[in-house]
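Order of the sequence lines fixes the chain letters, A, B, ..., with proteins taken first and strands second; residue numbering starts at 1 for each chain.
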Protein chains: 2
Amino acid sequence: MSGRERWALVLQQHQIKPSYPRLRIYTYLVMSRTHPTADEIYMALIHDMPTLSKMTVYNTLKILVEKGLARLISIEEHEARYDANISLHGHFKCTVCDRVYDFPISEHNVQVQGLDGFQITERDLFLRGICPECTQSSTAATP
Amino acid sequence: MSGRERWALVLQQHQIKPSYPRLRIYTYLVMSRTHPTADEIYMALIHDMPTLSKMTVYNTLKILVEKGLARLISIEEHEARYDANISLHGHFKCTVCDRVYDFPISEHNVQVQGLDGFQITERDLFLRGICPECTQSSTAATP
DNA sequence: TTCTCTGCAAACGCTTTGCACGGAT
DNA sequence: ATCCGTGCAAAGCGTTTGCAGAGAA
């Protein structure tokens, strides 16, 4: 089974009709490790699919989130990023280069007191700061 | 010392000129426990201050965040919420009533592995789900 | 006077809405 | 023939920008 077929099956299993645009968008999201925005996905696919509309990207991403195949990362307001990795993990955003990194977390990171009676459906641990690469280039630039 | 004077002093200590609009905005943010948006702050103050502009609210909030007197909560994209409580704590957002609750967290909640070399400046633990109040009303409505 | 703050108006960018075409069943 | 997905155009909303007038030092 090819990669494309495999993801088509995943879509079907989640009650999403695997149309060509949807399949391409989902496959791109799965492959990419950069937590792309809707616009970045659109820009990456428009070369291959000249008729693709940004609308379809928005629609598809919305469906993927609803069906639990993707997560919406709102680590920074005004930019909605998406992640097809739906397992428990944290996100670090570099405030210099704007890249978003994954890092492993465990249950005890998100185990909290004082929320008795609250039904928790989503957990996000967001860190912000400067990544090693940007730290290095800034110290190098300041001799 | 009145409450107003006290917050004026805090502003001064953070190199923010305590103009009347700034003082009112900051005082409102400190008193409110609802993590208001810029628009909510504007709506709350416009009755008392008919000449207040939304611009001034945006400007003031930006300065407060820069100077470390407030935190920007991006628990939900497309709405920027602000919190004058800058101590370590988590946020829970009810997806039904949209309220944002505080809850206590400790250092071990945000202690993570795999980020050696990363300079961390901000930590956010966001939970989403349904609050007790909304859970109760929804079960009551489903007999 | 000089500098900063305020606040109007307009622009901006991302996202949503309304609707019509087209392809699949 | 019907239904659903696609995608154009336009509107919507929160936020930012440019600038001018007012006020404090």
Residue that, paired with Ile63(B), satisfies side-chain contact (heavy atoms from CB on, under 4.5 Å) out of Lys17(B), Arg22(B), His14(B):
Arg22(B)
Return the value, rounded to whole Å, for the distance between atom CE of Met55(A) and atom P of dG7(D).
10 Å
Between CD of Glu40(B) and CZ of Arg81(B), what distance do you get to the nearest 0.5 Å?
4.5 Å
Under a 3.5 Å distance rule, please check whether Thr37(B) uses its side chain to pair with a backbone N or O of Glu79(B) as donor and acceptor.
no
What nucleotide among dG7(C), dC5(C), dA9(D) has an atom nearest to a side-chain atom of Ser53(B)?
dG7(C)
Under 3.5 Å, side chain of Thr27(A) to main-chain N/O of Leu23(A), donor-acceptor pair present?
yes
Check the distance between dG7(D)'s C1' and Met49(A)'s CE and give it to me in whole angstrom.
12 Å
Using a cut-off of strictly less than 4.0 Å, decide whether Ser19(B) has a side-chain nitrogen or oxygen near OP1 or OP2 of dC5(C).
no
For Lys17(B), which contact category applies under a 4.0 Å heavy-atom criterion: base, sugar-phosphate, or nothing?
sugar-phosphate
So does Thr51(A) get a side-chain nitrogen or oxygen closer than 4.0 Å to the phosphate oxygens (OP1/OP2) of dT6(D)?
no
Grab the CG-C1' distance between Leu11(A) and dC4(D) for me, whole Å please.
16 Å
Please figure out whether Arg81(B) or Lys54(A) has its closest DNA chain D nucleotide nearer the 5' end.
Lys54(A)
Nucleotide dG7(D), atom C1' - distance to NZ of Lys62(A) in whole Å:
16 Å
Identify which nucleotide among dT15(D), dC14(C), dT6(D) has an atom closest to any side-chain atom of Tyr58(A), counting heavy atoms from C-beta outward.
dC14(C)
Whole-Å distance, His78(B) NE2 to dT16(C) C1', equals 11 Å
Nearest listed nucleotide, side chain of Arg22(B), among dC5(C), dG5(D), dA9(C):
dC5(C)
d(CG, Asn59(A); C1', dC14(C)) in whole Å:
15 Å
It should be established whether Thr37(B) places a side-chain nitrogen or oxygen under 4.0 Å from OP1 or OP2 of nucleotide dG14(D).
no
Euclidean distance, atom OH of residue Tyr42(B) to atom P of dT16(D) [Å, nearest integer]:
17 Å
Taking the ring centre of each residue, are Tyr42(A) and Tyr58(A) less than 6.0 Å apart?
no
Mind calculating the distance between CD1 (Ile63(B)) and P (dG7(C)) to the nearest angstrom?
13 Å
